[in-house]
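What follows is a short report on a single structure.
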Amino acid sequence: MTDSPDTSAATTEHGLAAERARRLDHVAALRNDGTNPYPYRFDRSHTLAEIRSAHGGLQAGTETEVAVAVAGRILLKRDQGKLIFATLRDRDDEIQLFVSRAVVGDDLFARIDDLDLGDWVGVHGIVMTTRKGELSVKVSGLELLAKALRPLPDKWHGLADTDTRYRQRYADLISNDDARRVFAVRHAIIASFRRTLAAKDFVEVETPVLHVEAGGAHARPFTTHHKTLDMGLYLRIALELHLKRLVVGGMERVYEIGRVFRNEGISPRHNPEFTMMELYQAFGDYSDVMAITEELFAAAARDAIGTTVIDVNGLSVDLAEPFRRVRMIDLVREKTGVAVHPSQSVEALRSLAAEHNVRTEAQWGSGKIIEELFEALAEHALIAPTFVTGHPVETSPLARVDRNDPHLTERFELFVGGRELANGYSELNDPVEQRLRFEDEQRAKEAGNAEAGTVDEDYLRALEFGMPPTGGLGIGMDRLTMLIANVPTIRDVILFPTLRPEVLD
RNA sequence: GCCCCUUUAGCUCAGUUGGAAGAGCAGCGGACUUUUAAUCCGUUGGUCCAGGGUUCGAGCCCCUGAGGGGGCACCA
């Protein structure tokens, strides 16, 4: 490997190309020596975390007789002449390799010296601590498990360029602790949800992503096409309508954690594909699912970060405490000083909106204007967790009318840090009323509202078989992860966020 | 879709008034038996995002475009 001929690419290329060429030469030299630079497997006896938990308290300058076989990636190397110190990392931890020329012999020492940062290795050795007390594996044997051809990002600063971090998430995960932390939090939250729901006898199901009707939410869908059936299809914008069909079918408690797609803008809070958890519980109403929401959030925080106290825009919030509940119309009254209600005339509400510089459209009814007033005046100020309830019927076509007020629904949206995180309601289960609501949606769509829904005849047929009273809930898992992991952008909680295609040379 | 910011070595970043493109890390060569962002000596490495323009001269000024970020709009 040191005697690569002068004709090798490494001597003619520059920069990154030279670095790759040098490492490729190295791979070729290993093969010439009969060493497979990409062997098939390695028998590991311990993870690095297991070693740390068993021997973390070892006194400085101690050598045990514990033989281990560990595997990981070489991140740092400190060549000290006849000693080499290297930092090895596996999925959860790092440990130092201690390599003594006197122990491993000249040949292996030279091969270890030749390792590049980024190489994967399998190591045999014994557990020890150095004079300074650093837990280490004293290497007796080492084999290359996979050669890295490209140099790692900066060993101290990691990868900082946002573009590169999102496009080359592998490099981000290698070099940035925080990236690894955030995705560990994300996994812990999802695992926590599954445990909480399993304990409540919910059944996890999978429903179609390809929809003939894009219903269950107000959003512009993606379209696609099936070749053999020669038909247009939508990617789902919500899980709702299929899950409720399952409640009709008698499954009683169902949930799905799945990807939904909305063909809308991209922002620090919006990715075109994102993950929703939706659940439906027979015999319950919106009060039941508000309680479940609080329980899911508190358990997820506890499981993911070990505490229910989180920071929201500089405000310390304890998710274990009940969330504030307030009606949408009361929030609008607080902000405007005027009592509002969907029973009021469109004209009166339109002039109130104009007073507060809230733009309205001609086809909007009273309920839609109230919701716009709420979004413009009150939403951004809801920092601590707040259930906003009592949405107008006009903007909630799948929610059941409030048992005490025919103009409002038994619906809530949960806001934290000024962002919507969850949405739920007492589900409308009267097929006759549901048809009327769908027909209103259809009219709005025909009037040019691309986000409006259509009449889903199969869903109506399902409701005609009878759906028990049901409470439903949807939670945006990406936003919940942002909240608990305390990161400012949704791209930091999605492994591969949507980007324009990279131009490769 | 509109507005603002940004793009310099593999990575992290400087670059003054428009006057010879730099540092640290990584790499390469050398020293070093308890280092830990090891240290020390030497050293390679550039389409300054792309294309135009102004100028004796452009990384820097102007125009157009591209990627990314933020805001608005849309939305969860």
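Because the structure is a prediction, the values reported are computed rather than measured.
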Would you list the protein and nucleotides 65-72 of chain B atom pairs, both N or O, that sit under 3.5 Å from each other?
residue	atom	partner	partner atom	Å
B:G67	OP1	A:Arg500	NE	3.0
B:G67	O3'	A:Arg167	NH2	3.0
B:G67	O2'	A:Asp163	OD2	2.9
B:G67	O2'	A:Arg167	NH2	3.3
B:G68	OP1	A:Arg167	NH2	3.4
B:G68	OP1	A:Arg500	N	2.9
B:G68	OP2	A:Arg500	NH1	3.1
B:G68	O2'	A:Thr162	OG1	2.8
B:G69	OP1	A:Arg491	NE	2.8
B:G70	OP2	A:Arg491	NH1	2.9
B:G70	OP2	A:Arg491	NH2	3.4

Ring centroids of A:Phe85 and B:A38 base under 5.5 Å with planes under 30°:
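Given the distance and angle limits, no, they do not stack.
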
Mind calculating the distance between [atom1] ([X]) and [atom2] ([N]) to the nearest angstrom?
{"X": "A:Lys77", "N": "B:C32", "atom1": "NZ", "atom2": "C1'", "result": "15 Å"}
{"X": "A:Leu97", "N": "B:U34", "atom1": "CG", "atom2": "P", "result": "18 Å"}
{"X": "A:Leu75", "N": "B:A38", "atom1": "CG", "atom2": "C1'", "result": "16 Å"}
{"X": "A:Glu372", "N": "B:A73", "atom1": "CD", "atom2": "P", "result": "10 Å"}

Polar atom pairs between nucleotides 5-10 of chain B and protein, under 3.5 Å, N or O only, would you list them?
none

Report the distance from atom CE of A:Met328 to atom CD of A:Glu379, rounding to the nearest 0.5 Å.
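Rounded to the nearest 0.5 Å, the CE-CD separation comes to 8.5 Å.
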
Which stems does RNA chain B form, counting runs of 3 or more consecutive Watson-Crick or G-U wobble pairs with both distances under 3.5 Å?
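RNA chain B stems, ordered by first number: B:1-7 with B:66-72, B:10-13 with B:22-25, B:27-31 with B:39-43, B:49-53 with B:61-65.
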
Starting from the 5' end of RNA chain B, give me the residue, A:Thr164 or A:Arg101, whose nearest nucleotide shows up first.
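Nearest-nucleotide comparison on RNA chain B picks A:Thr164.
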
Sequence neighbours left out, what pairs pass salt bridge (Lys or Arg N to Asp or Glu O under 4.0 Å) with at least one residue falling in residues 267-277 of chain A?
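Output for this query lists A:Arg259-A:Glu273.
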
I need the single residue from A:Gln281, A:Glu204, A:Met277 that forms a side chain to side chain contact (heavy atoms under 4.5 Å, CB included) with A:Leu197. Which is it?
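Going through the options one by one, the only one that passes is A:Met277.
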
Can you check the distance between B:A20 and B:C56, where both ends of the measurement are the C1' atom (answer in whole Å)?
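Comparing C1' positions in B:A20 and B:C56 gives a spacing of 16 Å.
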
Nearest to the side chain of A:Gln80, which nucleotide is it out of B:U36, B:U34, B:A37?
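In terms of side-chain proximity for A:Gln80, the closest of B:U36, B:U34, B:A37 is B:U34.
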
Report the residues that fulfil salt bridge (Lys or Arg N to Asp or Glu O under 4.0 Å) with A:Arg327, sequence neighbours left out, ordered by chain and then residue number.
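Partners of A:Arg327 under the salt bridge (Lys or Arg N to Asp or Glu O under 4.0 Å) test: A:Asp330.
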
Would one find more than 12 heavy atoms of other residues, nucleotides or ligands at under 6.0 Å from atom NE2 of A:His187?
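Counting other residues, nucleotides and ligands, NE2 of A:His187 stays at 12 neighbours or fewer.
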
Inter- and intrachain pairs under side-chain hydrogen bond (donor to acceptor under 3.5 Å, both in side chains), touching residues 289-298 of chain A, at least two apart
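Residue pairs passing side-chain hydrogen bond (donor to acceptor under 3.5 Å, both in side chains), neighbours aside: A:Lys200-A:Glu295.
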
